[in-house]
Amino acid sequence: MSEARWAEVDSYVSELLAPHDRALDGALAASEAAGIPAIQVSPPQGKLLNILARTIGAKTILEFGTLAGYSTIWLARALPEDGRLVTLEAEPAHAEVAAANIANAGLEGLVDLRVGRAQDLLPQLAAERVGPFDLTFIDADKASSPEYLAWALDRSRPGSLIVADNVVRDGQLVDLSDEDPAIAGQRALHEMLAAEPRASATTIQTVGAKGYDGFTVALVSGR
Ligand code: SAH
Ligand code: DHB
Ligand code: MG
C-alpha cells in the first residue's frame with residue numbers, strides 16, 4: 001500500500017468527516033506563506049483530538065508545541081465558553097503566525113499562547129497553579145516527551161486524557177539501534193506509562209497524509 005493511497009484516503013475522510021472551514025484553511029495558508037513546515041496533525045487527527053476533548057467534556061487543555069495553531073484550533077473548538085487552552089511554543093515566528101490564526105478562528109479568548117521552551121515555561125505555569133488539565137496534547141520536541149508527560153500526570157485528574165503525537169515515526173520506535181533522541185524520548189514515554197499506576201495507555205499506529213506514525217492515548221485513573 002503506497003503513501004499516495006494513504007493520503008487519498010485521508011482526503012476522502014477529511015472531506016466527508018473533518019471538512020475545513022475558512023479558519024482552518026486560512027491557518028494552513030498562513031503557515032505555508034510564512035515558510036513554516038507543514039508538520040501539523042492531519043485533518044482526521046485534528047478531528048480525533050476534538051472528539052476526545054468533547055467526549056470527556058474538557059474545560060482545560062494543555063498543548064506542548066503550537067506550531068501555527070492548527071491542532072490548537074481543533075482542540076479549542078471543543079471547549080465551552082468558559083474553557084481555557086494553554087499552548088506552549090518555543091519558536092517566536094511560529095507563535096506569531098499561530099496567534100493570528102487563533103484570532104482569525106475567533107478563539108483568542110479561550111487560548112493562552114505562551115512563547116518559550118516548554119521546559120522554561122513550566123515553572124511559571126506551576127507558580128500560577130494552572131490546571132488540573134482535562135486533556136494534554138504532547139507534540140513539541142519529542143526528546144522531552146517524558147518530561148512533559150511527568151508534568152502533565154502531576155496536573156491531571158482522574159478521567160483526564162494525555163495524548164502524544166509522533167510516537168512511532170516509521171517504526172523507529174522499535175529499532176533499538178536507532179539513537180535519535182526524539183525516538184528515545186518516545187520509547188521512554190512508553191516505558192514510563194508501562195510503569196505508571198496512575199494511568200492506563202495504548203498506542204495506535206497511524207498511516208495517512210503524514211506518513212506512518214502513531215498516537216499514544218493515556219487515561220489518568222488517579223490511582
Ligand atoms: N501541534 C502542532 C504541531 C507542533 S510541531 C499541530 O499539530 O498543529 C512541533 C512544535 O514544537 C514546533 O512548532 C516547534 O517549534 C515546537 N517546539 C520544539 N521544541 C519546543 C520546546 N522545547 N518547547 C515548546 N515548543 C517546542
Ligand atoms: C514532524 C511531525 C510532527 O507531527 C511533529 O509534531 C514534529 C515533527 C516531522 O514530520 O518532522
Ligand atoms: Mg506532531
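Order of appearance sets the numbers: ligands from 1, and atoms from 1 within every ligand.
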Partners of Arg84 by side-chain hydrogen bond (donor to acceptor under 3.5 Å, both in side chains), sequence neighbours excluded? Asp112
What is the closest protein heavy atom to [atom], and at what distance does it sit?
atom	result
atom 3 (C) of ligand 1	Asp139 OD2, 3.2 Å
atom 5 (C) of ligand 2	Asn166 OD1, 3.2 Å
atom 11 (O) of ligand 2	Arg169 NH2, 3.2 Å
atom 6 (O) of ligand 2	Asp139 OD1, 2.6 Å
atom 23 (N) of ligand 1	Ala118 N, 2.8 Å
atom 8 (C) of ligand 2	Ile39 CD1, 3.5 Å
atom 26 (C) of ligand 1	Ala90 CB, 3.5 Å
atom 21 (C) of ligand 1	Asp141 OD1, 3.3 Å

Contact check: [X] vs ligand 1, nitrogen or oxygen atoms, below 3.5 angstrom:
X	answer
Ile39	no
Gly65	yes
Lys142	no
Ala140	no

Polar side chain donor-acceptor pair, Ser31 to Gln40, under 3.5 angstrom: no
Using distance alone, with no hydrogens and no angle criterion, decide if Thr216 and Thr203 have a side-chain donor and acceptor under 3.5 Å apart. yes
Distance check below 2.8 Å: does Asn166 bring an N, O or S atom to the Mg ion (ligand 3)? yes
N/O/S atom of Asp213 inside 2.8 Å of the Mg ion (ligand 3), strictly under: no
Can you name the closest pair of heavy atoms from [X] and [Y] and give their distance?
X	Y	result
Pro37	Leu67	O-CD2, 3.7 Å
Glu128	Gln124	OE2-NE2, 2.8 Å
Ile73	Ala23	CD1-O, 4.4 Å
Ser221	Pro158	O-CB, 3.5 Å

Could a heavy atom of Lys142 be found less than 4.0 Å from some atom of ligand 2? yes
Gln45 touching ligand 2 at heavy-atom level, < 4.0 angstrom: no
Residue [X] vicinity, atoms of ligand 1 by number, heavy atom under 4.0 Å:
X	result
Gln40	6 (C), 7 (O), 8 (O)
Tyr148	21 (C), 22 (N), 23 (N)
Ser71	1 (N), 2 (C), 6 (C), 7 (O), 8 (O)

For ligand 2, which part of Val41 has a heavy atom less than 4.0 Å away: the side chain, the backbone, both, or neither? neither
Starting from the Mg ion (ligand 3), look over the N/O/S atoms of Asp165 and name the nearest one. OD2
Starting from the Mg ion (ligand 3), look over the N/O/S atoms of Asp139 and name the nearest one. OD1
Should the proximity of His94 to ligand 1, defined as any heavy atom under 4.0 Å, be assigned to the side chain, the backbone, both, or neither? side chain
Output the list of atoms in ligand 2 that are nearer than 4.0 Å to some heavy atom of Asp165, sorted by atom number. 4 (O)
Can you classify the ring geometry of His20 versus Trp74 as parallel (below 30°), tilted (30 to 60°) or perpendicular (above 60°)? tilted
Can you classify the ring geometry of Phe133 versus Trp151 as parallel (below 30°), tilted (30 to 60°) or perpendicular (above 60°)? tilted
Please determine whether any non-hydrogen atom of [X] lies less than 4.0 Å from an atom of ligand 1.
X	result
Gly69	no
Thr66	yes
Trp74	no

Applying the 4.5 Å side-chain criterion to the ILVMFWY set and letting contacts propagate, would Leu24 and Leu75 be lumped into a single cluster? yes
Connected via hydrophobic side-chain network under 4.5 Å: Val115 and Leu122: no
May I ask which of Glu91, Glu89, Arg114 has a heavy atom nearer to atom 14 (C) of ligand 1 than the others do? Glu89
Closer than 4.0 angstrom, basic N to acidic O: yes or no for Lys59 and Asp134? no
Basic-acidic side-chain contact under 4.0 Å: Asp165, Lys210: no
Residue among Ile138, Ile162, Val130, Val86 satisfying side-chain contact (heavy atoms from CB on, under 4.5 Å) with Leu62: Val86
Tell me, with the steps shown, if Arg77 and Asp21 meet salt bridge (charged side-chain N to carboxylate O under 4.0 Å, His left out). CA-CA 12 Å; Arg77 284 181 169 172; Asp21 56 11; 2.8 Å; yes
Pair Arg169-Asp175, salt bridge (charged side-chain N to carboxylate O under 4.0 Å, His left out): steps then yes or no: CA-CA 10 Å; Arg169 300 308 273 170; Asp175 179 358; over 6 Å; no
